[in-house]
Participant: 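Please see the structure below; I have some questions.
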Amino acid sequence: MKVRSSVFASFILIFEVIGVALFLRGFFPVPVKSSVEAKSKLSDLPAEPLAGSSPNSSRLPQPLFRKLVIMLIDGLREDFVFGPNGRLYMPYTRHLVERGSSLSFVAKARPPTVTMPRIKAITTGSIPGFIDVIMNLNSPALLEDNLIWQAKTAGKRIVFYGDDTWVRLFPKHFMEYDGTTSFFVSDYTEVDNNVTRHLDSTLKRDDWDILILHYLGLDHIGHISGPHSSLIQPKLLEMDDIMKRIHGALVSKEEEGSLPYLMVLCGDHGMSETGSHGGSSEPEINTPLVLVSPAFKRKVGMEKPGVVEQVDLTPTLALGLGLPISQNNVGHVIPAALEETSLRDQLRFLHLNGHQLSCLLKDSMPDYQKAAGFEQFRVAEKAHGNWMKLYMEGNASEVLSNMGKKVLKQYLEALSAMSAALSKQLGKYDMYSMIAGMVFVFQLLLFLLLALPEALSGEAIVDLPILSSMLSLPFYLLCLLLASVHVLVCTSTESSCYFCSLSWGLVFAAVALSSAMFCILINMATRRLPIGPKIHGRSPLRSNSSEWTLSELDVLLLAGTVGHTLSLAASSFVEEEHQTWYFLLNTLSLTVFQDVCRKYFREERGSEDEDEHILPSRDKESHPFAPSKSNIYLEKWLALAVPPFTLVCCRLLRSLNQTGVQWAHLPDVGHWLNSSEHKMVLSLLSAFCLVLIYFLVQRWCSWVSKVALALGLLGVYSYRAAVGNVLFPWQHTSRTTSR
Amino acid sequence: MWDHEIRAMASTHAIIASSVFMATVLLAVFVPGFSVYGMHLLWIYAVSGAVTAVSVSVFWLLGISPPTKKHTLGYKLSRLFRSCLYFLLSCLFFHTVVVLYGAPLIESALETFSLSVLLTSLTTLRCLCVLGPHVQAWIRVFSRHGAMSVWDTALQITVACTLIGAWLGAFPIPLDWDRPWQVWPVSCSVGAMIGYLTGLVAAPAWIHYHRKHLTYKCK
């Protein structure tokens, strides 16, 4: 059957899109949420369990805190506060951690460690997937149930200053706000001053309940010059000073008899050794979490901070403020924060958290009964009821408190089990759909490859052997085979699978299409490729005329491309992918060099006497009658010199900056140049490079752009000199003479 | 067509391969605590020495190097001197190439140089034995359709196999498997050795299989 090229192309395009969509549906796990719009309400909360009689009150325990200040510092790494340098960086905070009434934890952020998913995680308690990274730049309003919405609904007045992502996520939630944009990454001063300028007036007033500050400067410094830069310490000292001011204001406002304040210092994500973030390495996911409140026990010395999940903050804050926990929360409350309340309240808090988690588990898992923790929670709930009964009867013995502690322990175990089960559910891929999508896409790709010469020829018509394939036996056998595989897979897997949940008609169409494509592919392949012994018959003459000869370069390029693609399947190779590139590039240069050598040294002989082979002892000789001998010589030596020059340049570039995982820590030329005693060399080198850029580029420019280019390059140098990376030529001398 | 040569080649290659094994076995017997990874440089030099000695003597006995017109002592001496010079130059050349491929420049220079000595004794030495110290002849042999005898074809195959073996041997070095053979230059030299042995086996076999199609311009 003959098909027009355009029809063929649109057919391929449509199915390609379907295949990719199927793959993506499997790759991005189904979000764990009951529904987007639903919010948990105070009235829906479960009653306090009580064995025997009907449940008594469904009241929430008293909130623990009256005022809440969240100070979120973007890119705050755990060791900036708790590490050995913490005393230098943040002395006041460190003092609070060691001696004040505070709780400190290392909060583990889940990858992707990017600001917006982290904000979503802190406010909703769920774990946003990688798809949220795409939305990071253009964040629409957050519709899910979240802490801010709950607080606003409960009548809390919220003030926000900082990153305008919050303002976009929570429009109309804040009583007062001032967003700063994170667009100018090289600005690390103004972006924080814009937050701090409101601080004094806000702290003086008493008309707010929740104050959220989001400082971006530290993250910007990380992006500019990494976590070991000299800019880090002044920035952290500034943050520490703000911490001190807030704490001082809160302490002075505290009244006897009213509820205490809570101050939270946290980071949304960490910072890798190079200052970036987004991945899942230890320094990126470990952030400090410091809770300061007079409600906590006063510390006596530095303890090793415990490890919690970042999302654990959400239920803790919600319960502390007396709000319902947001519906999609997967974190569990931090037990240390509740320790100072009565046992009854503690159990009630844990019960509320457990109830919310079990509801979420019910919604997101078809076989939630089997999930670890669910049954544990049921048992704990029952024990809680029994304990309540004894408690209501006025029993106040040792036995009761021991029993209560046991219930508490059961609750905690159940909570962490359920939380883990939910987190695991979030990170699961739908392998079958992914494989099906991939097979689809690959088939189409091969199709395209095979049909390309025909489709692009003058007639623009592709001849598809559809009928002969559809009527062949392999087609039906393949259909049967694929259908049986589908049934087998769908009946045996436990987890939900998108491809299995499709209707039978659709699945059968897909199976038929896939097998038809397979048959057509085989058909076309046998027609196109004359596979046979012809290629191997290799007399020099015939192999020259045949179109299937490949030079060494072609073979190398093909093998390199295929090999590189295959190597990406192994994570060890991906980690050191640059090494593969270096290696293949070197090999390519060497092969080109060998090719050039061969060409020039052989041609000399070939042009003179074709038949006479060279005598081994003959010396190299020049052309007797060359019209422009020097020109040919120049060209020859240029051609000979370029590949080795490329090789040397590659080697130099390679040792300029060590990357990858294994050898990134080794000293390299970049370290040597950046150290302060070699500033002169660095200045000369960068000046030379900038001049070189100018001379290489200016040839094709008009004089206006030449001037612009020169000014631009001068600007680059001046900027670097102003920052302190390089020196001006007069700087060194002027310093010695004037001072 | 080339039965005699093929038989001679197969036996030559068998002798050379057995010399490699002998060198390793002797080391294992006489040096206490010997292992290919642990005492790698020793192994490299032993194997290079064995291959050098055996190849030179075998090819000299076979007498396949190009006929020389002059038989004076001075000419022979100058040939010997040039051969040694080429050997050394080839070591330096391999060293440069390996450094360009990313071997450390200063730190493990001895290891790198040992690898280049091994590569030289596996490749250049054979060129010297078969073709003599004539660069033009080498270039001819390694051009397309440049082989003029079965020995030239065998030379092409063994050299290509050795270099490809060393090339492939470099791939596991940057990976995070933490094996003893990932240390520089163990995997490369072992890869080169395995490639060389494969070449020794493959060359006579390939020529035997293709003997009907092999045509040389002149012999």
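Quick note on labels: first sequence line is chain A, next is B, and so on, each numbered from 1.
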Participant: Please flag which part of B:Trp138 lies under 4.5 Å from any non-hydrogen atom of chain A: side chain, backbone, both or neither.
Facilitator: neither
Participant: Determine the interplanar angle of the A:Phe583 and B:Phe171 rings, folded into 0 to 90°, and report it as parallel if under 30°, tilted if 30 to 60°, perpendicular if over 60°.
Facilitator: perpendicular
Participant: Near B:Leu61 CG, under 6.0 Å, is it more than 12 heavy atoms from other residues, nucleotides or ligands?
Facilitator: yes
Participant: Please state whether the side chain, the backbone, both or neither of A:Thr587 comes within less than 4.5 Å of a heavy atom of chain B.
Facilitator: both
Participant: Is the count of non-hydrogen atoms from other residues, nucleotides or ligands lying under 6.0 Å from A:His564 atom NE2 greater than 12?
Facilitator: yes
Participant: Are more than 12 heavy atoms from other residues, nucleotides or ligands located less than 6.0 Å from atom CE of A:Met431?
Facilitator: no
Participant: Does any backbone or side-chain atom of A:Leu590 lie under 4.5 Å from a heavy atom of chain B? Answer side chain, backbone, both or neither.
Facilitator: side chain
Participant: Quick check: closest heavy atoms across A:Arg651 and B:Ala103, and the distance to 0.1 Å?
Facilitator: NH2-O, 2.6 Å
Participant: A quick test of your reading: do over 12 heavy atoms of other residues, nucleotides or ligands sit less than 6.0 Å from CD of B:Glu107?
Facilitator: no
Participant: What part of B:Pro133 is in contact with chain A, defined as an atom under 4.5 angstrom from a non-hydrogen atom: side chain, backbone, both or neither?
Facilitator: neither
Participant: Counting only heavy atoms closer than 4.5 Å, note whether B:Val99 contacts chain A via side chain, backbone, both or neither.
Facilitator: both
